[in-house]
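Below, each value reflects all heavy atoms present in this structure, side chains not excepted, and no hydrogens, waters or symmetry copies. Letters go in sequence order (proteins before strands), and every chain restarts at 1. Values in this document were obtained by computation on a predicted structure and should not be read as measured data.
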Amino acid sequence: MPSSHDWINNPLGVVEGMFAASQNNPNSGWEAKAVEFFKDHLNEKDAHTWVPSLNDVPLHYLKPNSLVKFRCLIQDMFDPEFYMGVYEAVNPSTRDKVLRCGKYKDVTECGVDFNSKNTVTAERQTFYCVPIPGESPWFPLILSHCYAGLSQARDVPSTSYAPARQKRSYEEDDDMDTQPQKQRDVGWIAPLLSAGPQTASEHHGNGDCKRQETEAPSSQVASASRVDLNFPLPGEKGPSCLLKVYEDWDGFKLNDAVEVFGILSVSPALSALADEKDASSSLLDPADSMETAEEQRVHSPPASLVPRLHMLYAKPLPHNNPLLPAAACEQNSAYLSSTRSEMATVRTELLAYFTHILLGDALAAEYLILHLISNVYHRHDVLPLGKFTLNLSGCPTEASYTERFYQIIQQLVPSSYYLGMTLQNMNQMRLVPKKDYVANRLVSGALQLARNTSLFLDESRLEQGQLDTTGVRNVTALGNVISWQKFDYDFNYHQMGIPCNINVLIASEGRSLLPSDCRIHLQSQVAPSDVEEYLRSIHTQSQASQLNKFRVYLSVARLLDYSISDEVTKSVEDDFVEMRKDDPQSISAEDLHRMLVVARLLSLSLGQTSLSRDGWLRAKHIEALRRSRMEQHKCVNGNEQ
Amino acid sequence: MSSPASTPGGRKRGRNTNPSTPSSEGPMSPPSQRRRGQDSSAGDLMPMPTSPATDVLSPAGPQDNSLFSSPRPSVPPNEVDMSSPLMYGTPSSRVEGTPRSAVRGTPARQRPDLGSVRKAPEVDLQSEPPSADGPAASETNAGQRLVIWGTDVNVGTCKEKFQRFLQRFIDPTSSEDENAGLDLNEPLYMQKLEEISVVGDPVLNVSCLHVQSFDAELYRQLICYPQEVIPTFDMAVNELFFERFPDSILEYQIQVRPYNALKTRNMRSLNPEDIDQLITISGMVIRTSQLIPEMQEAFFQCQVCAFTTRVEVDRGRIAEPAVCRHCNTTHSLALVHNRSVFSDKQMIKIQESPEDMPAGQTPHTTIVYGHNDLVDKVQPGDRINITGVYRAVPMRANPRQSSVKSVYKTHIDAIHFRKTDEKRLHGLDEDSEQKLFTEDRVQTLKELAGKPDVYERLSSALAPSIYEHEDIKKGILLQLFGGSRKDFSATGRGNFRADVNILLCGDPGTSKSQLLQYVFNLVPRGQYTSGKGSSAVGLTAYVTKDPETRQLVLQTGALVLSDNGICCIDEFDKMSDSTRSVLHEVMEQQTLSIAKAGIICQLNARTSVLAAANPIESQWNPKKTTIENIQLPHTLLSRFDLIFLMLDPQDEAYDRRLAHHLVSLYYQSEEQIEEEFLDMAVLRDYIAYARTYINPRLSEEASQTLIEAYVDMRKIGSGRGMVSAYPRQLESLIRLAEAHAKVRFSEKVENIDVEEARRLHREALKQSATDPRTGFVDISILTTGMSATARKRREDIAQVLKKLIQSKGKTPAMKYQQLLDDLRGQSETAITKELFDEALRALADEDYLTVTGKTVRLLA
């Protein structure tokens, strides 16, 4: 096995071999071949699972200059840089000149002849990447589960490690940080553990290693506090990296979620260069005076903290759910059609589950499902289609209902973020990314999220007070995200609108101060004496297998295609005209927009890829129910006032 | 170490060498030896034998002997050799006297912009070794073949060509503001030289475009070898200048600053091939550093024998002499700071302008170094075009480490700055913003313009997601194109507004905001504000203290920022009165006057306003006039060229089409949608092209039609004693007609344009200025806030009231209530209290009576 995995352990050897072979033949296009080579190898059945992931394995376990993968979000784009693509090195002992390849490397080998005629300058682009913000805590468990299976099935090369250990120690950290959370967590860890005995045994088996290992990450965290790693969400952990892209960098966009396969470079020389700055020479050295200290820190942080990753191959992530096959599209569509048949049953279960959580309100549960599978699938000039921001009003005021509610959602979606709209948060949090010209980087904000991240806005936390300038800006940004799925990044001298695709769920007592596509007022059917206890019991009862089913369901529903036949189009049109005839005030173009979105999501939630007459009627029906409830509620409000 | 470190691209090229240096073998060593002798300095320890800079000069000598007071041979060629290659005057040479001193003693000034990276000398070996009789001889016979090492530049020819260019170049069509006040039929640059002799600012800006049109070969050389060619230009211009103005005194010699190189326009397209070439890029300054004094020449003194020596900076480093050449003491030399020579330097960071950026990417930044008088020329926030030389420097090899980072640092040495937004303040035309269109693109656009239905096509391409409202889209389309700008300042009327203002009002939920968003996204300089959230300050300008400089700076608001663009204002009705009042000036005079914190100024705000307003009662009341519905002052309303109502039409056929449109949005695949409509990018280019290149004028025929149209409009009303059109409406018509001609890419406004303008105007009026009481179009609703029928009724009642009072005989005072009751009893129509009050006021205006409290007194 080890021999066949040379391309993972020593990818540079492969690249150099190709480079050397190409020397006699100038037009060999070895660079394209090299990329092709890795692409082919990775596409071999589950070859990509053999590649260690930077997300799950701590940096110090990874072999430098080996092939690794990283699931990340492009947080910032730095300026392109010129590097020595080919250079001539002098061998100190033999005085021979050798041509070397500088691609996929940060540092050159000794004795570079700067004045060689054979030097070729090439260009590459650097992206700053962070792990996908808000990845749910159930992630590592699933992953470790996969790995555990893998490590037993295969004879893992000695350079590998059992990732499950690390995962466990991360959780340990979590628990230590927040004591109360521990108890909560047990609620969902327990079923998973029981579901995966392998994982559990793995934990026990590695128990003794645990102590030593926790030290490493904690030191990492400590040093991380010194260097701001610029994570969009507060309290995030994990490695960030500088991704060097060699071709087609125009194809990448800010906030793209990608899985990158690349060569890890952690040469200490990189950090050393940044540190060794004797003040005397820096004054005269033109290369030094170009950058401020802050910029240095940001653009060349120590490699132990921010490794460099030289990209060989990257694929965009349509979803980041580890339970779904991440593979190519052809396989995906087969997978999708196979799961589609079960969707209706899973939906029923999920509906029951949500109904419980929403205190017996089935209609609200229905809308919650629609919201969770919504997705901006197209932009018609400025108009984003498919967004479905839900305002859940009338949430119980009991202390932690909304928080508990969020935790349940967090258990189901791959990435999410809870934003309590307290006055303090709104006035002080950085939601909008802002360009810092001193350090020359885009300082991230909490709204810089990957596609389909669930953003939970808890408006019940709002209290009386005044929003200051930042607060107003933050609220405006939230409003823009909701209405246009796009908001302005602050570039100091100008603003730049960057599109996003975030599912926003607003929980509030009354009508939200933010706009929303759809509002539903919660009507609780049950009145548990202790809401917290009630939710916790639901939480603990849910089985891991069931949760996994829900997780897969929500991600799959989002990936399905959808169409409307001409026939149904006609009947929808007729319906609309009919409704307008009766009472033009009752339905506007906006209502039709919403009904079409509801119909779309409703069909998808049932695994149907085209709108049927029934689907349309059903959509109309639940919309009517919702509207009548809205009207009732309006009256009540009017009376109260 | 001797080769150019800054040419990593594998192109190796030396700096100027001495084309006339006779010997091909080690031409450098004899001079450098001599120099050391003169200085008796520790020359051996200098890192590199000094440079060829002088050598550039040497051909100059023989060529134009008259300028040099001293015979060439008596000046050792390396006298000036310290300077960086392009330099002829270095600090040291200044002291010692250079050949330059021959040019009337004007000192030369270093050009660190060109020579900050010094190179070891390279010798010209490319052509046969010149004859050995010295420069003068070699110049004549070998002149044509000699080139600077690594380039194909021959100093003599290049200089001659440039002088010819300066003496002969005429550009009669020049419209650049830099050439304002010059006689366009005379050689342009000779006039500029004359200007230099008068003003004494020894900088000659030369447009590369001019060079290109004069001599393409010279232009190519300038772009490819700026480091060699520009000093040659300098030489040429100085010779010419001092020949022509022998008595003028300049601070230092004239420096040539080329600008407008076409090589590269966009920061994103810079690539390794541009290294060491002359480039022009545009961008926005985001940061400027403090002034950095950069040492050009270090001054060392021996602690033992007080012997002094100078060492030039080489690639940012000074090689400290280890041994005193005079007394042979080791490590006895100390740096004397205040006798060393420094030059000013500043790091400037520029960032791509937002317009050049592809969607979804962050802007790139580039470092620029400004030298000497270019320091502090620009401020953060300025938009500038920079011409300079692109450089790449390898990361310094650290002696303690075997491996180095394989990355180069890049920067631009600025030669010329040109602010692009300065012009906007001066109100000149927007030529700097001209978007460059490729031939292909222009062809596509012209083809599109040739189609008979281009107007309909474009209007349907506008916001395709919004259904119907064809006329509104057409109106907005014309707004995007705008009228022709006319300048009547000579006759005292100032600029005529060319921008079309549009107000959309109507029921909520009729996608007004969507339309605004679309327009905002379409135009390059658009601003989007909401009336609810914006204050007068946010729209105009405010004064803040800059955190870095602690100076008061004027921050411009939405209206100023959208100069030459469109300012979209949503929820226009929610705006406070004070905020709205600033719009009065903007919407007609197109300027903004500011008087705040000691800053009094007038800014240009040539912006089109696209506003959306909701009716005051949330639903449009068809029984009321526009003014009553939206409660906006008529003074403001009359400034809108077109006012559209966006109402829910409530008719079945419309509903059906709307439903079909919406449903199709949700099932059509992307390709289908794209096929159906024009690409947004094409539309954007089309508008940009028309706005820049098309400037239609009224044809005779069209003006006749316009006159007729106006007279007709006035006639409509006059029959009923109303005025239905004012000169402002005529101006609107002209603007709309011009815009329509632009849509057709026509340089002439013709009848069809006027017809369409008239139709659209009428449509808009029909919607907004219809008197709900009579159903007639009445422009006075918009201009005076009251329909003519209403005014007539008021007058009638006043007359009746007057008669009533007169009938009562001589009663000097009456009870208010009694009078009202009497009037009600007499009149057959219902008299409201308001009507009665109005009538009383009308009579009071006639000085017939006065109202005090509850009594009405007759006057006179």
Side-chain angles (χ1 to χ4, degrees), chain A residues 76-77 79 81-84 87 102 105-110 112 114-115 117-123 250 253-254 269 272-273 276 284-287 289-290 378 380-383 385 437 440 442 484 491 493-494 496 498 563-564 569 572-573 576-577 580-581 584 588-590 592-593 596 600, chain B residues 1-3 5 8-10 12 271-272 284 286-287 292 295 316-317 347 354 358 360-365 367 381 392-396 398 401-411 463-465 509 511 514 517-518 521 648 650 652 655-656 658-660 662-663 665-667 670 673 680:
Chain A
D76 194 6
M77 293 165 156
D79 294 329
E81 61 187 20
F82 294 171
Y83 70 99
M84 287 179 250
Y87 61 92
K105 280 182 224 164
D106 280 309
V107 288
T108 57
E109 274 127 88
C110 46
V112 180
F114 283 105
N115 304 313
K117 283 183 189 144
N118 296 320
T119 308
V120 175
T121 310
E123 194 180 3
D250 288 339
K253 296 226 153 74
L254 202 64
L273 279 178
E276 277 176 40
L284 289 171
D285 192 328
S289 52
M290 276 183 209
H378 179 58
H380 205 280
D381 42 76
V382 291
L383 187 73
L385 295 177
Y437 284 110
N440 196 14
L442 188 66
W484 306 109
F491 280 87
Y493 301 101
H494 61 99
M496 200 163 72
I498 306 254
S563 64
I564 305 178
T569 309
V572 169
E573 284 166 33
F576 180 69
V577 174
R580 296 265 301 178
K581 213 188 258 167
S588 67
E590 234 168 288
L592 183 61
H593 261 293
L596 284 165
R600 176 194 155 88
Chain B
M1 265 343 249
S2 69
S3 94
K12 238 177 59 139
N271 62 42
M284 190 167 60
I286 49 169
R287 247 169 77 80
I292 307 164
M295 191 176 278
R317 293 176 146 197
M347 187 197 82
Q361 312 250 327
T362 58
H364 286 179
T365 56
I367 293 167
V393 188
M395 294 290 268
R396 178 164 49 109
N398 190 330
Q401 275 175 336
S402 54
S403 52
V404 284
K405 259 179 142 176
S406 60
V407 177
Y408 294 97
K409 291 272 165 190
T410 53
H411 69 268
S465 62
S511 49
Q514 230 186 81
Q517 273 284 341
Y518 181 87
N521 278 299
D648 218 347
Q650 301 175 1
E652 194 182 316
D655 289 347
R656 183 168 295 280
L658 175 67
H660 182 77
L662 289 183
V663 178
L665 273 186
Y666 282 84
Y667 76 84
E670 282 175 42
I673 293 167
M680 200 158 158

Residue E81(A) versus chain B: region with a heavy atom under 4.5 Å = side chain
Donor-acceptor pair, T362(B) side chain versus M77(A) backbone, under 3.5 Å?
-> yes
Side chain, backbone, both or neither: which part of F82(A) has a heavy atom under 4.5 Å from chain B?
-> both
Exercise: identify the closest heavy-atom pair between M347(B) and I292(B) | N-CD1, 4.3 Å
Compare every heavy atom of A392(B) with every heavy atom of Y408(B), then report the nearest pair and how far apart it is.
-> CB-CB, 4.2 Å
Comparing D76(A), I498(A), N440(A) against chain B, the one with the most heavy-atom pairs below 4.5 Å turns out to be N440(A)
Closest non-hydrogen atom pair, N271(B) against E123(A) | CB-OE1, 3.7 Å
